[in-house]
Amino acid sequence: MYESYYGLREKPFSIQPDPEFLFMSKRHRLAFTMLEYGIQNRVGFSVICGEIGCGKTTLVRKLLDALDDSVNVGLVYNTHADIADLLEWIMLAFGQPYAGMTQVERYDRFQQFLLAEYAARRRVVLIVDEAQNLHTGALESLRMLSNINADKDQLLQVILVGQPQLRDLLNRPELHQFTQRVGADFFIPPLGAREVHQYVEHRLKVAGRDQELFQEDALGRIAAASRGVPRSINILCDTALVYGFSAEAQRIDAALVEEVLQDRREYGILQAQD
């Protein structure tokens with residue numbers, strides 16, 4: 001809609017996870033380094049936490065793009081507290097049969113799968129998204145799976161990705177044995193005010209625009225209203241560009257951003273941040 005008007009090849013502020021647009025703040029860079037460290041050193045468990053919309057999923061996508069064919073990755077997204085048997089979802093993630101088997105048979109089948117991958121010199125990495133939804137029993141079952149080893153090598157590596165509640169969950173006393181297996185962990189905080197400016201400029205540049213589009217005062221207002229959460233920044237910037245296009249504005253200033261926020265407060269279905 002506004003792309004050609006503002007000299008953009010594509011929308012710069014989509015909320016869909018796209019590694020090409022990932023802004024590597026200091027915290028995101030450290031989190032990515034911890035994930036790479038965990039993979040390369042066969043760490044049993046790696047944990048990445050952060051607020052909703054902070055870029056965790058995009059970071060994981062970037063990690064997946066960096067891995068080669070020697071790493072077999074399984075993704076579990078459908079996490080919820082009522083999962084009766086997490087192993088079923090894990091086997092589904094790796095394309096392994098599980099229907100009609102007893103729990104013991106599933107465990108044995110998965111163990112054989114891990115051993116076969118190890119013999120073929122492939123590492124097996126399980127990524128569990130929204131892991132804060134898991135109950136302690138599901139996490140304990142993951143710990144038991146991590147006991148499957150070959151000599152000194154860890155056959156299954158697990159990356160848990162979740163909201164801050166995951167950090168609270170893992171600090172429960174009954175999960176002390178589990179947390180002893182965590183070899184890499186990082187919490188991604190919201191972006192600072194200066195980082196918000198850099199974030200917006202980065203995404204605009206990736207989308208094809210090198211010239212300034214958002215004025216300094218507008219970026220300051222966006223930083224305050226979004227509280228530094230990338231997804232909130234994207235939504236606010238995208239809407240501001242729609243308003244700017246409608247008003248035939250050459251650049252986005254603080255007054256236009258304030259108009260967006262005011263309209264969201266008055267007419268939006270969801271409560272606007274401010």
Side-chain angles (χ1 to χ4, degrees), residues 1-33 35-36 48 50-67 75 77 129 161 188-264 268 270 272-274:
M1 181 181 187
Y2 56 68
E3 291 93 316
S4 60
Y5 181 76
Y6 285 120
L8 299 163
R9 291 190 301 269
E10 56 186 312
K11 289 182 65 175
F13 299 107
S14 170
I15 61 173
Q16 298 302 317
D18 185 345
E20 185 180 355
F21 279 90
L22 179 62
F23 172 67
M24 295 294 275
S25 72
K26 178 181 178 181
R27 282 83 170 188
H28 287 81
R29 190 176 297 110
L30 286 171
F32 187 76
T33 300
L35 286 173
E36 284 189 312
I48 297 294
E51 297 289 348
I52 297 173
C54 76
K56 301 183 298 295
T57 301
T58 309
L59 201 65
V60 169
R61 293 286 178 85
K62 181 177 177 63
L63 176 70
L64 294 179
D65 288 347
L67 298 177
L75 303 173
Y77 290 109
D129 202 5
V161 183
I188 304 174
L191 301 175
R194 184 59 199 154
E195 288 178 320
V196 172
H197 292 211
Q198 296 168 344
Y199 174 87
V200 172
E201 292 167 357
H202 167 77
R203 294 191 71 106
L204 287 170
K205 187 173 183 178
V206 173
R209 182 178 175 110
D210 292 318
Q211 295 178 322
E212 180 190 82
L213 181 51
F214 286 78
Q215 294 182 355
E216 197 72 15
D217 56 356
L219 291 170
R221 191 69 189 93
I222 290 168
S226 66
R227 298 182 175 88
V229 177
R231 187 179 300 168
S232 298
I233 297 169
N234 286 1
I235 293 171
L236 183 51
C237 286
D238 185 62
T239 307
L241 289 176
V242 174
Y243 274 53
F245 172 74
S246 177
E248 298 184 351
Q250 295 301 306
R251 294 199 299 169
I252 308 299
D253 59 18
L256 195 147
V257 173
E258 189 59 48
E259 181 183 354
V260 172
L261 292 169
Q262 184 63 32
D263 284 354
R264 288 176 64 186
L270 303 177
Q273 290 182 319
D274 199 357

[X] side chain vs [Y] backbone, donor-acceptor pair below 3.5 Å:
| X | Y | answer |
| --- | --- | --- |
| Lys205 | Asp210 | no |
| Arg9 | Val206 | yes |
| Glu259 | Val257 | no |
| Ser246 | Val242 | no |
| Arg203 | Pro12 | yes |
| Arg227 | Val229 | no |

**Q.** For Tyr5, ring pair (Phe, Tyr, Trp, His ring centres under 6.0 Å) partners two or more places apart
**A.** Phe245

If we only count heavy atoms from C-beta on, is the [X] to [Y] side-chain gap below 4.5 Å?
| X | Y | value |
| --- | --- | --- |
| Val200 | Cys237 | yes |
| Leu204 | Phe13 | yes |
| Leu75 | Asp129 | no |

How many angstroms lie between [atom1] in [X] and [atom2] in [Y], if you round to the nearest 0.5 Å?
| X | Y | atom1 | atom2 | answer |
| --- | --- | --- | --- | --- |
| Leu236 | Ser232 | CG | OG | 8.5 Å |
| Gln16 | Arg61 | CD | CZ | 8.5 Å |
| Lys62 | Glu36 | NZ | CD | 8.5 Å |
| His197 | Phe214 | NE2 | CZ | 11.5 Å |
| Leu261 | Thr239 | CG | OG1 | 9.5 Å |
| Asp217 | Glu258 | CG | CD | 11.0 Å |

What side-chain donor-acceptor pairs closer than 3.5 Å can you find for residues 19-28, not counting sequence neighbours?
unit_1, atom_1, unit_2, atom_2, d
Ser25, OG, Arg27, N, 3.4
Ser25, OG, His28, N, 3.2
Ser25, OG, His28, ND1, 2.7
Arg27, NH1, Glu195, OE1, 3.4
Arg27, NH1, Glu195, OE2, 3.3
His28, NE2, Cys54, O, 2.8

Q: Would you check, one step at a time, whether the test side-chain contact (heavy atoms from CB on, under 4.5 Å) holds for Ile252 with Ile222?
A: CA-CA 11 Å; Ile252 308 299; Ile222 290 168; 5.8 Å; no

Q | Residues Tyr243, Asp263; criterion side-chain contact (heavy atoms from CB on, under 4.5 Å); working and verdict | A | CA-CA 11 Å; Tyr243 274 53; Asp263 284 354; 2.9 Å; yes

Q: Can you tell me which residue pairs pass the salt bridge (charged side-chain N to carboxylate O under 4.0 Å, His left out) test with a partner in residues 10-19, sequence neighbours excluded?
A: Lys11-Asp238

[X] versus [Y], closest heavy-atom pair with distance:
| X | Y | result |
| --- | --- | --- |
| Ile233 | Ser226 | CG1-OG, 3.2 Å |
| Leu256 | Ala240 | CD2-O, 3.3 Å |
| Ala66 | Phe32 | CB-CZ, 4.5 Å |
| Arg209 | Leu8 | CB-CD2, 3.6 Å |

Q: Take Val161 and Val60 through the test side-chain contact (heavy atoms from CB on, under 4.5 Å) and record every step on the way to the result.
A: CA-CA 9 Å; Val161 183; Val60 169; 3.8 Å; yes

**Q.** side-chain contact (heavy atoms from CB on, under 4.5 Å) assessment of Ile48 paired with Ile188
**A.** CA-CA 7 Å; Ile48 297 294; Ile188 304 174; 3.9 Å; yes

